[in-house]
Amino acid sequence: MNYASVQDMIDRYGATELAQRSNRVDGATVDETVVTRALDDATAEIDSYLTTRYTLPLATVPPVITRLTCDIARYQLHDDGAPETVRTRYEDAVSLLKKFSSGDVCLVGAQAQATAGDANVYYSFSPRQITDDIL
């Protein structure tokens, strides 16, 4: 399941840009297969960050994840050198995903994984090896 659709990409960036980036024959129409592949890759990249903290697949896709998916897929469609704005949006997306992964930012609407925070911790110490008498 992708976190964004081809239509989400068209709504955000326009059919003209997507046609130019996806259709390598004439650049006139959007090649949905190429865009879907970029969305698949973007979803997999996002999952690699979210899997450490959230239960996947996400039951509902928060709008921020749809936006990040589109930004990452757009960057991947620019395989021959992305413009600065596209690269910046990709870097911002990865930065936010790292914050989701570390717990610095919470992903609203996603179910967090159960943690072992309530588990008992047992410990023991060995007897002191160096004492005042030995020194």
Side-chain angles (χ1 to χ4, degrees):
M1 174 186 97
N2 285 332
Y3 296 140
S5 66
V6 174
Q7 189 59 50
D8 290 327
M9 294 283 289
I10 292 170
D11 292 345
R12 288 181 183 277
Y13 312 117
T16 302
E17 178 181 342
L18 285 181
Q20 292 169 348
R21 301 310 315 161
S22 65
N23 190 328
R24 292 175 176 106
V25 176
D26 63 4
T29 59
V30 176
D31 186 337
E32 291 192 16
T33 303
V34 173
V35 176
T36 300
R37 187 175 314 118
L39 289 168
D40 290 342
D41 293 344
T43 298
E45 185 172 345
I46 289 171
D47 282 348
S48 71
Y49 287 100
L50 298 183
T51 191
T52 59
R53 189 155 303 267
Y54 297 97
T55 302
L56 298 178
L58 297 174
T60 58
V61 181
V64 67
I65 295 298
T66 301
R67 178 180 57 84
L68 297 178
T69 304
C70 290
D71 286 345
I72 292 170
R74 182 184 188 199
Y75 177 78
Q76 291 172 349
L77 288 171
H78 284 85
D79 56 350
D80 59 348
E84 186 63 31
T85 56
V86 174
R87 182 178 15 267
T88 300
R89 288 180 72 138
Y90 170 76
E91 291 168 355
D92 290 347
V94 169
S95 176
L96 184 55
L97 288 169
K98 288 179 181 178
K99 290 177 183 177
F100 286 141
S101 178
S102 68
D104 291 341
V105 177
C106 183
L107 184 58
V108 177
Q111 181 179 356
Q113 288 184 358
T115 61
D118 295 331
N120 294 329
V121 177
Y122 299 96
Y123 56 90
S124 65
F125 297 99
S126 60
R128 194 174 203 185
Q129 300 297 320
I130 300 176
T131 62
D132 291 336
D133 295 334
I134 294 175
L135 290 175

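Within the 4.5 Å cutoff, the side chain of E17 has heavy atoms near those of the R74 side chain. Counting heavy atoms from C-beta outward, R37 and D41 have side chains that approach closer than 4.5 Å. Looking at Y54 and C106, their side chains come closer than 4.5 Å, going by heavy atoms from C-beta outward. Side-chain contact check for L107 versus R53: every heavy-atom pair is 4.5 Å or farther apart. Annotation: side chain of D79 is in contact with side chain of R21 (closest heavy-atom distance under 4.5 Å). With a 4.5 Å cut-off on side-chain heavy atoms, D71 and D92 do not count as touching. Looking only at side-chain heavy atoms (C-beta outward), I65 and L68 come within less than 4.5 Å of each other. Counting heavy atoms from C-beta outward, M9 and C70 have side chains that approach closer than 4.5 Å.
For the pair A73 and A42, the tightest heavy-atom approach, listed with the atom from each and the gap, is N-CB, 3.8 Å. Scanning all heavy atoms of the two residues, the minimum distance from S48 to T51 falls at O-CG2, 3.6 Å. Considering every non-hydrogen atom in both A4 and T69, the closest pair reads CB-CG2, 3.8 Å.
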*side chain to side chain contact (heavy atoms under 4.5 Å, CB included) between L77 and Y13, worked out*: CA-CA 12 Å; L77 288 171; Y13 312 117; over 6 Å; no
Check your understanding: Are I72 and L97 close enough, and set up right, to give a side chain to side chain contact (heavy atoms under 4.5 Å, CB included), and what steps lead you there?
Key -> CA-CA 11 Å; I72 292 170; L97 288 169; 3.8 Å; yes
Exercise for the section: List the steps and the verdict of side chain to side chain contact (heavy atoms under 4.5 Å, CB included) for H78 and Y90. Expected result: CA-CA 11 Å; H78 284 85; Y90 170 76; over 6 Å; no
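Between the side chain of T43 and the backbone N or O of N2, no donor-acceptor pair lies under 3.5 Å. Between the side chain of D8 and the main chain of S5, a donor-acceptor pair closer than 3.5 Å is present.
With rounding to the nearest 0.5 Å, the separation of CZ in R87 from OH in Y75 is 6.0 Å. In this structure, CG on L18 lies 10.0 Å from CD on E32, to the nearest 0.5 angstrom.
Hydrophobic clustering, with ILVMFWY side chains joined whenever heavy atoms are under 4.5 angstrom apart, groups Y49 together with M1. Both V64 and V94 are members of a single hydrophobic cluster when ILVMFWY side chains are connected at heavy-atom separations under 4.5 Å. Hydrophobic clustering places L58 together with L96 (ILVMFWY residues linked when any side-chain heavy atoms are closer than 4.5 Å, directly or through intermediates).
Under the side-chain contact (heavy atoms from CB on, under 4.5 Å) criterion, Q20 pairs with T16, not counting sequence neighbours.
There is a side-chain donor-acceptor pair under 3.5 Å between D47 and Y3.
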